[in-house]
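Note: hydrogens, waters and symmetry copies are ignored here, and every other heavy atom, side chains too, is used.
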Amino acid sequence: MSHQEQQEQEIEALEAIYSEEEIHVACRDYPDIELSIELKSNQYDDPTDDDFDVSLGIEFPEKYPDEIPKITLSGIEDAFTEERIAESIQKLQSVAEENLGMVMVFAIVSALQDEIGELVEVKKKAKEEIKEIEKEKKEAESRKKFEGTVVTPESFRAWKEKFDAERKAEIDLAEKERLANLAGRLTGRQLFLRDATLNLSDVTLIGAQDEVEIDESLFDNEELEGLDMDSEEDDE
């Protein structure tokens with residue numbers, strides 16, 4: 001049987017196995033036969049956010065099945081890294097090489113179904129790792145709150161200088177406010193004690209009384225006699 005006949009018969013068999021939603025033949029013309037088969041990660045359970053679809057691309061070379069087909073995987077680029085996808089393709093190519101000389105698409109699809117099971121576990125593990133990283137991050141933030149900032153001699157000195165300056169400013173302001181509030185309620189004695197100039201002025205006046213000179217021309221005799229009498233009384 002020629003390569004063309006084997007390829008055409010395999011296409012007919014695959015279309016009988018898979019539904020129209022699963023298999024799509026992009027080109028039927030030999031030697032450029034090309035098809036794709038769609039597989040789901042979750043075929044039976046209720047849909048979840050972790051589900052994904054993968055498209056297996058197959059291109060037959062002219063001498064297929066004596067040469068392995070070109071195999072591609074698409075639709076999972078956002079779910080897995082390029083390295084992981086390349087690893088999956090390598091596994092499928094190994095299956096193709098094991099079946100060299102025989103029609104092999106069904107065997108490749110079966111191997112992909114097994115690989116999807118591993119990819120599901122990879123995605124689940126990656127999701128758990130992300131949760132663990134987020135958990136460790138939150139724990140680190142909590143520890144940081146309790147540990148506080150590490151104090152060095154330099155940082156403590158800077159903090160102490162700033163604290164003292166702020167404290168002094170607060171005390172000065174409070175004293176100014178206190179004096180301002182009391183200014184309107186001070187007694188004469190308090191004002192006298194607060195203002196030293198009042199003390200000096202009173203002492204000056206008391207000392208000056210002994211030095212007062214009386215101009216007798218300004219008074220008549222009776223008034224002068226009155227002054228003499230006051231003086232005599234003081235002497236007595």
Side-chain angles (χ1 to χ4, degrees), residues 41-42 45-53 75-85 119-236:
S41 64
N42 185 356
D45 299 331
D46 294 333
T48 68
D49 294 336
D50 295 330
D51 296 343
F52 60 88
D53 298 340
I76 55 175
E77 294 83 1
D78 294 337
F80 304 97
T81 63
E82 293 182 2
E83 291 78 11
R84 188 62 184 82
I85 294 174
L119 291 175
V120 169
E121 293 300 319
V122 169
K123 190 172 184 181
K124 184 184 297 183
K125 184 178 179 181
K127 189 174 182 179
E128 292 175 352
E129 289 177 351
I130 292 175
K131 289 182 178 180
E132 186 64 24
I133 291 173
E134 292 177 350
K135 179 181 177 181
E136 291 178 356
K137 183 178 179 181
K138 291 180 180 179
E139 290 177 350
E141 291 176 351
S142 298
R143 288 195 300 271
K144 186 176 181 181
K145 291 179 180 179
F146 286 107
E147 292 172 357
T149 304
V150 177
V151 178
T152 64
E154 292 77 13
S155 63
F156 176 77
R157 189 180 303 109
W159 172 85
K160 185 67 167 56
E161 292 176 355
K162 182 180 179 182
F163 175 81
D164 290 344
E166 293 177 350
R167 181 60 178 164
K168 184 177 183 304
E170 292 177 357
I171 293 174
D172 292 345
L173 179 60
E175 181 63 14
K176 289 180 180 179
E177 292 178 350
R178 187 183 71 82
L179 293 176
N181 292 332
L182 292 176
R185 303 200 302 269
L186 293 177
T187 63
R189 176 179 176 79
Q190 290 173 324
L191 288 172
F192 178 80
L193 293 175
R194 284 184 56 201
D195 193 345
T197 58
L198 293 178
N199 299 340
L200 294 176
S201 61
D202 289 346
V203 170
T204 302
L205 289 174
I206 293 171
Q209 289 179 357
D210 297 334
E211 300 176 2
V212 175
E213 295 182 0
I214 300 174
D215 188 355
E216 296 180 1
S217 64
L218 299 177
F219 301 91
D220 54 23
N221 292 332
E222 293 180 357
E223 290 176 340
L224 289 175
E225 290 176 358
L227 289 175
D228 293 337
M229 290 176 62
D230 293 337
S231 179
E232 291 175 358
E233 291 176 359
D234 291 340
D235 292 338
E236 291 177 359

For Asp164, the option from Lys160, Arg167, Lys162 that meets side chain to side chain donor-acceptor pair (under 3.5 Å)
Lys160
Taking atom CD of Glu77 as the centre, does the number of heavy atoms from other residues, nucleotides or ligands within less than 6.0 Å exceed 12?
yes
Could you grab the distance from atom CD of Glu177 to atom CG of Leu173, nearest 0.5 Å is fine?
4.0 Å
Indicate the atoms forming the closest heavy-atom contact of Asp53 with Ile76, along with that distance.
O-CG2, 3.5 Å
Donor-acceptor contact present, side-chain Ser41 to main-chain Phe52, <3.5 Å
yes
With a 4.5 Å cut-off on side-chain heavy atoms, are Lys123 and Leu119 touching?
no
Taking Lys124 first and then Asp50, would you say they form a salt bridge - that is, a charged N and a carboxylate O separated by under 4.0 Å?
no
With side chains defined as the heavy atoms from C-beta onward, is the minimum distance between Glu121 and Lys125 less than 4.5 Å?
no
Between Asp172 and Lys168, does any NZ, NE, NH1 or NH2 come within less than 4.0 Å of an OD or OE carboxylate oxygen?
yes
For the atom pair CD1 (Ile85) and CD (Glu82), what is the distance rounded to the nearest 0.5 Å?
7.0 Å
Presence of salt bridge, Glu134 and Lys131, under 4.0 angstrom
no
